[in-house]
Participant: 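Please see the structure below; I have some questions.
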Amino acid sequence: MSDAKGGHMLRDELRQTLEQGLRDVEADWTVPAAIINDPEMHDAERERVFGRSWVFLAHESEISERGDYVVRYISEDQFIVCRDEDGEVRGHLNSCRHRGMQVCRAEMGNTSHFRCPYHGWTYNNKGSLVGVPAGREAYGNKLDKSLWQLKPVPKLDTYKGLIFGCLDPEAQSLEDYLGDMKFYLDIVLDRSDAGLEVVGAPQRWVVDANWKLGADNFVGDAYHTMMTHRSMVELGLAPPDPKFALYGEHVHTENGHGLGIIGPPPGMPLPEFLGMPESIVEQLQRRLSPEQVEVFRPVTFIHGTVFPNLSIGNFLMSKDHVSPPTSFLTLRLWHPLGPDKMEIMSFFLIEKEAPDWYKEESYQAYVRTFGISGAFEQDDAENWRSITRVLGAQYAKKTMELNYQMGRGVYEPDPDWPGPGKAFPMDYAEANQRNFMEYWMQLMVTDPAPHSGNGKVSDDAAAETLARAEA
Amino acid sequence: MTTATEITDTTVREATEWLFTEAELLDAGKYREWLDLVAEDLSYVVPLRVTREREAETDIVEGLTLMDDDWDSMEMRVLRLETEYAWAEDPPSRSRHFVTNIRVAAGEAEDEVAVKSNLLLYRTRGDVATFDILSGERHDVLRRVAGGYRLAKRVVVLDQTTVMTHNLALIM
């Protein structure tokens, strides 16, 4: 159902559920189960959440050379994210302007041009239409190629190596969108002189679970470790102290972002700064602010989510039950494929100039504990698909509200925390999860801004982007 | 005596039987017994593949894999399954390893044979009437020891880039 303004209306029942949800998350610290697995919620979410938010596309190191490209998604829309011949990062809708065919059908590669296999319209990697077969004969001189460039992603920007795109040309800047989260992102992204690189390519796999469960888990859930990952606790790969998350901080910021930062339990001899190599520790102490250094010094686990679907895991973990721990860094995208299905893209990153021994150990710790075969992560997917299945049913959807009450009346925000955002002095908390869900529900009840309704809302922005790039 | 460079009918039969026995143990969830068939210098790798144009030299990604285990990490997986908390496989999946197109060739060392096989792995979980199927080619190195063979190396090249199962909790 469309309204006069071209956006999609929410059905009354859906709106009531969400508005009640917003009241409940504030007053009762509960979240309606109906937001997890519901086709109408998913339909609305595509436009109202993914149509408005900055969504992670790629890391700059994946397209380090001119002509390098990867194909990535915002909701169902696919974009060629590439470095053009002048070294600029671009995002083009992967769809020929003639009949809509994909002009790029590989996941990654290097090319100066994209040629549509249907009729041969050819675009350079700036997105300009540069070739039309039999153009003179078929179109005379009536085809103004400059009007038929590949549609650019309406907004594209980079923060410390992370490339994000946004479908809303009116959206706030990426800097503003990330807000206070930047302080914490910098600890991960900006701690070394040469920066990070994605190793290889992301693992990709499909899980029959709603994407929000991954985002919710990473944004604030240290509580699940002792039960979900109990097998690894028993093998000594996770802290044996069931209260380990007491020794952490639980922080959230505007726009739904949040993270947990956990140090070792008292008396547990673990190295500072995630046990990173001396050369990196030297660099981070120089590069980061004193407050960031103070926050990072005791850290053994960082878990967080940049709203909506980019999560970060920076963990100190052993590669098996007989080896000492090594830290690794993973980024993951919880890419929605439906109300009950997501694709997970799991990236492994490392400091470019880290010593080889550390790169190897870090890779092994990552690939054996996290990702598609990871001995930790396997159990997360099992839980999320089970939740998704159960909460897709009518009685569960209508009657269940989920308990997000941890910490209620137990503790107040931490006045001594050196970083920005709202911080709580332990990571057994659900303030981040409520913050995430509340922001998600706010986006869901906010109707689309009025526009001309002819579907060409992005054309001006597109032309502007192109003009800027060509200037 | 049979050397590695001389592949006899007996070698082919022994290697084939080894693969079938292994499949039976894995489908029966007898991971501890399976571990007894594995060499201590095991390398077990599931490469990461991406969709690339035909002109690309390979679609296998360098530097990252879907799985990269040695004996210690494989033992960790088995120990994990022996706890009461390995939820991903408890209740266990029902699996069936279909092993075909077995090709036996001389290995690099005298006591080793190189065995290629095609694998179709069928998996169901819980009471949900759906299944997952993984298809791939395995490149194994079997080492002859007293009383049989040990798996020294396995590379499983899966025939998917976006993998259609929620985890790789099963040994392939």
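Just so it is clear: chains get the letters A, B, ... in the order the sequence lines come, proteins before strands, and each one is counted from 1. Source: prediction; values computed, not measured.
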Participant: In Å and rounded to the nearest 0.5 Å, what is the CG to CG distance from A/D380 to B/N167?
Facilitator: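 CG of B/N167 is found 10.5 Å from CG of A/D380.
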Participant: Among B/V46, B/L170, B/V128, B/L66, which has the most heavy-atom pairs under 4.5 Å with chain A?
Facilitator: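 Option with the greatest count: B/L66.
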Participant: Can we say B/D127 and A/R389 salt-bridge, meaning some charged N sits less than 4.0 Å from an Asp/Glu carboxylate O?
Facilitator: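 Looking at A/R389 together with B/D127, the answer is yes, because their closest N to O distance falls below 4.0 Å.
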Participant: Is the closest basic N to carboxylate O distance between B/R125 and A/D208 below 4.0 Å?
Facilitator: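 So B/R125 does not pair with A/D208 through a salt bridge.
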Participant: What distance separates A/M227 CE from B/W87 CH2, expressed to the nearest 0.5 Å?
Facilitator: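 Between A/M227 CE and B/W87 CH2, I get 4.0 Å after rounding to 0.5 Å.
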Participant: How long is the span from the CZ atom in B/R80 to the CG atom in A/D320, to the nearest 0.5 Å?
Facilitator: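 That separation rounds to 14.5 Å.
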Participant: Among residues at least two apart in sequence or on other chains, which ones pass side-chain contact (heavy atoms from CB on, under 4.5 Å) with A/T330?
Facilitator: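 side-chain contact (heavy atoms from CB on, under 4.5 Å) list for A/T330, sorted by chain: A/F328, A/R332, A/S346, A/Y366.
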Participant: With a 4.5 angstrom heavy-atom cut-off, is it the side chain or the backbone of B/A56 that approaches chain A, or both, or neither?
Facilitator: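 No part of it gets close to chain A.
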Participant: Taking all non-hydrogen atoms of both residues into account, name the closest pair between A/Q203 and B/T65 and its distance.
Facilitator: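 Result for this residue pair: NE2-O, 2.9 Å.
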Participant: Heavy atoms only, distances under 4.5 angstrom: which of B/E89, B/E75, B/Q160 has the most pairs with chain A? Name it, please.
Facilitator: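 Of the candidates given, the most pairs with chain A belong to B/E75.
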Participant: Given a strict heavy-atom distance threshold of 4.5 Å, which part of B/V61 is in contact with chain A: side chain, backbone, both, or neither?
Facilitator: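 B/V61 touches chain A through side-chain heavy atoms alone.
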Participant: I need the minimum non-hydrogen distance between A/A375 and B/M76, along with the two atoms involved.
Facilitator: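 Shortest heavy-atom contact: CB-CE, 4.1 Å.
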Participant: Just by modelled atom types, is the A/A106 backbone N or O under 3.5 Å from a matching donor or acceptor in the B/T51 side chain?
Facilitator: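 Looks like no, no N/O pair under 3.5 Å.
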Participant: Please identify, among B/S73, B/G63, B/G126, B/A86, the residue contributing the most non-hydrogen atom pairs under 4.5 Å to chain A.
Facilitator: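 Greatest number of close heavy-atom pairs with chain A: B/S73.
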Participant: Is a salt bridge present between B/D70 and A/R368, judged by a nitrogen-to-oxygen distance below 4.0 Å?
Facilitator: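 Here B/D70 pairs with A/R368 in a salt bridge, since their nearest N and O are under 4.0 Å apart.
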Participant: Whether the B/T83 and A/E234 side chains hold a donor-acceptor pair (N or O, under 3.5 Å, no angle test) is what I'd like checked.
Facilitator: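 Note: B/T83 and A/E234 side chains miss the donor-acceptor criterion.
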Participant: Check each atom of A/M345 against the heavy atoms of chain B and say whether the ones under 4.5 Å are side chain, backbone, both or neither.
Facilitator: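 Contact with chain B is absent: no heavy atom of A/M345 under 4.5 Å.
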